[in-house]
Every structure is written in C-alpha cells, then in structure tokens.
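See structure below.
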Amino acid sequence: MGMPTKNHRIWVVGATGLVGRAILDILLNEWKVSPQQVECLASPRRAGHEFNFEGHIFKLHAPQPVLFNESEHHFVLLATDAEISREWVQFISHTHIDHKITNHIPHHVTIIDSSSAFRMTPEIPLIIAGINEAQLTPANHLVASPNCTTIGLLLGIHPFWKQLSVKRLFVSTYQAASGAGQRALEALASDLKSGGTDSNEYFPYPLANECIPEIGGFNDAGFTTEEMKVLQESHKILNTTIPIHVTCSRIPVAIGHSESVTLELAEPLTHESLTKVVQASTAPSVKISEPFSGSLPLQSVIHTDAVTLSRIRIHPTDPTFLHAWIQFDNIRIGAATNVCRIVQAMM
Ligand SMILES: NC(=O)c1ccc[n+]([C@@H]2O[C@H](COP(=O)([O-])OP(=O)(O)OC[C@H]3O[C@@H](n4cnc5c(N)ncnc54)[C@H](OP(=O)(O)O)[C@@H]3O)[C@@H](O)[C@H]2O)c1
C-alpha cells in the first residue's frame, strides 16, 4: 500500500460533511499529509468561505469545471450525494456522462466516489479494500466505493466466505441515523429532544423511539433502495449470484451500523470446524469474538476501522446454518477508510 508523496494533490469534495471530515481526519491526522497538498470543496453556498478543520484553514472552492495541473497526480475523493458526484465527474472530464465517461478523465486524475452514482456501472470497479482491490489497474480513473451496509457486511462475513461454501445469505440491518448524512444526524438529535414528534425530510417517520424498516423508497416488489443496493453491490463485488435476503432498518442511534447475518452452508459445521475457521481467519479489519460466547464489543467500534464479528453460533437443530452479529462505524470503515485505502491501493 502506498502513501501520498509531494507529487500528489488530494481534493476532498464534500469536505464539510460526515464522510468528508472523516477523510480529512485520515489524511491529515493519520497519514500526516501536508494541508498544502489538500483542497477542500463543498456546496455552492460556501464557495469562497473558509473551512476550519481542527485548526487547518481551507478556502472552499466553488463547484465548477477544474483544470488539473499536469505536474502532479490528483486524487479527487467524492464524499457527496450521487447527483453531485455525477456533476463533479462531468466537471473533471469536461463532458456529459455517458458509458464512455472514464475515457474523458485526464490521465493524471483518479476519482474515487463514495456515492451510489457509478457503483453498478459495469466498467467501473466497485472496490472494498481487503476484498477485491486486486481488480484495480492503473487504467482505472474512476473507482466506486460501496454502500456502508455492503462494506460492513462483506468485510464481516469475509472469514466465512473465504473458507466455507456459502449457499445463501440472510441479513437484517439496524442502521444509524448518520448513514443518511450530517443533517439526518441533526434531525435525530432534535427528534430525541422533542420525544419523537418532529417529522423531517431525512426519515419517513420520526426516528426517536422507532425502528423503521424503510431506507430509501420501495420498488414495485416491496424492496427498498437500500436493500437492493446491498443485494446488487454484494453480487458485483463477490462475483456471485447466490440468493441474499436483505431487510434494512433505521434505528435511533447516532453512529454505528449493526447487522444480524445467517449463512446457509453447503456442509454442516461442528464446533471444532468453526473454531478452526475463526482461528485461520486473516480478514483485515475484522475483530472476531470467541465463537459460542456472549462477548459483545458493541460501541467499541465507533471512530475505529474495526468490523466486529460476535454472537458466532451454529443453529442448534440444523448445523448448515451459521449465525453472527456484525458491527462497524458506518462513516469510517463504511466509507472514509475504504476510500482512503483505495487511494493507497492505487499509488
Ligand atoms: N454517512 C455514511 O455513513 C455514508 C457511508 C457510506 C457512503 N456514504 C455516501 O457518502 C456520500 C456523502 O455522505 P455524507 O454522509 O458525508 O453526507 P453529508 O454529511 O450530507 O455531506 C454532504 C457533503 O456534500 C457537500 N455538497 C453539497 N453540494 C455540493 C456541491 N454541489 N459540490 C460539492 N460539495 C457539495 C456538502 O457541503 P455543505 O456542507 O456546503 O452542504 C457536504 O460537505 C453520500 O453519497 C453517501 O451516500 C455515506
């Protein structure tokens, strides 16, 4: 994995948002990138304003077509909603979005997008670092990072996916308000204060005291956008078509998604074989609790890059079913860390 050098410039688009700030935290505090090599961008209403990130002052650029200095390699990290990401790819490529958009991105620019805009475009790689970054080549100038729920799910089941033959996957999610962005987080805070009576544009119902099984709109078959994203993105990343049964819900938690997973396996498991699988796991970022134990890492994942895998157990009457519980920070490992690890993989 590489690290930025003096010949790299990193543009964080959506720097004032949850994912953008987490990216800045990694770049400036962990990688110690010089703030002079970082450019920050936000919505037009902030153009020209100063943005203070932990004492570093950045002048926010206006969204507009950009000419990138050829003496440097530029990484443009899009931490914006899908339609804004599309707009930015057009600004960078100086053309309209079509299926050949990647041919128009300058050779000294690499874009990594955290939104859903390009995830399912066949020629654009959809990457989870630690799972399929080997697919990346220097010819990739636009790379998509998956939905946070997909990243946590696939990193969490990785030890099992690598070592066992999985026939089918069942997942139910319990997702934090911050998965919908900074303003959704603020909406939860005001909703909790008012006791769950405030309606807002970020959740379909007041979220305080509720578990809402609706994230994104419903399709004609009764599945939500979030559920379809998890299904389709998982199939693309794992290069599989196994049935994945997903139900997504939003809960009144600020940060940290939880997922209950059940894997149907081709062969029955024993306590001994499961223990061996867990011991042999080399999955990056995954912290595995002792199988069959009640050890619960819970909020220890917040502000970290860990995906915790706990409550690991075999079904008492059918040992071809394996159950587990996954938890992770949706903003860090669910978005910002993955974007930054893709940058490293491309250096
Ligand atoms: N939150 C998560 O857990 C998570 C996880 C995985 C993926 N994602 C994806 O990551 C993206 C960002 O999510 P987020 O949670 O960080 O959202 P957010 O907190 O709402 O932040 C959105 C950012 O976009 C900026 N923006 C708005 N219009 C813009 C424009 N025209 N040009 C440049 N910047 C513009 C906003 O600037 P202002 O401050 O000026 O409005 C803000 O900085 C989304 O696509 C989301 O689906 C989020």
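All ligand and atom numbering here is 1-based and tracks the order in the structure. Side-chain atoms are counted along with the backbone in the values below, which use heavy atoms only and exclude waters and symmetry mates. Count residues from 1 along the sequence.
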Q. Is Arg9 salt-bridged to Glu39, going by a charged N under 4.0 Å from an acidic O?
A. yes
Q. For residues 160-179, which residue pairs qualify under salt bridge (charged side-chain N to carboxylate O under 4.0 Å, His left out), counting only residues two or more places apart or in two chains?
A. Lys167-Glu264, Arg168-Glu264
Q. Which parts of the protein, at residue level, reach under 4.0 Å of ligand 1 through a heavy atom?
A.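 These residues qualify: Val13, Gly14, Ala15, Thr16, Gly17, Leu18, Val19, Ala42, Ser43, Pro44, Arg45, Arg46, Pro63, Ala79, Thr80, Asp81, Ile84, Glu87, Trp88, Ser114, Ser115, Cys148, Ser178, Gly179, Gly181, Gln182, Arg183, Asn330, Ile331, Gly334, Ala335.
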Q: Output yes when a side-chain donor or acceptor of Asp191 lies under 3.5 Å from a complementary backbone atom of Ala208, and no otherwise.
A: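 Yes; judged by distance alone, with no hydrogens or angles, the pair exists.
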Q) Out of Thr304, Asp25, Asn338, which residue meets the side chain to side chain donor-acceptor pair (under 3.5 Å) rule with Arg332? A) Asp25
(Q) Tell me whether the rings of His74 and His108 are parallel (<30°), tilted (30 to 60°) or perpendicular (>60°). (A)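 If you compare the ring of His74 with that of His108, the planes turn out perpendicular.
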Q. Would you find more than 12 non-hydrogen atoms of other residues, nucleotides or ligands less than 6.0 Å from Glu30 atom CD?
A.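 Atom CD in Glu30 is crowded, with more than 12 foreign heavy atoms closer than 6.0 Å.
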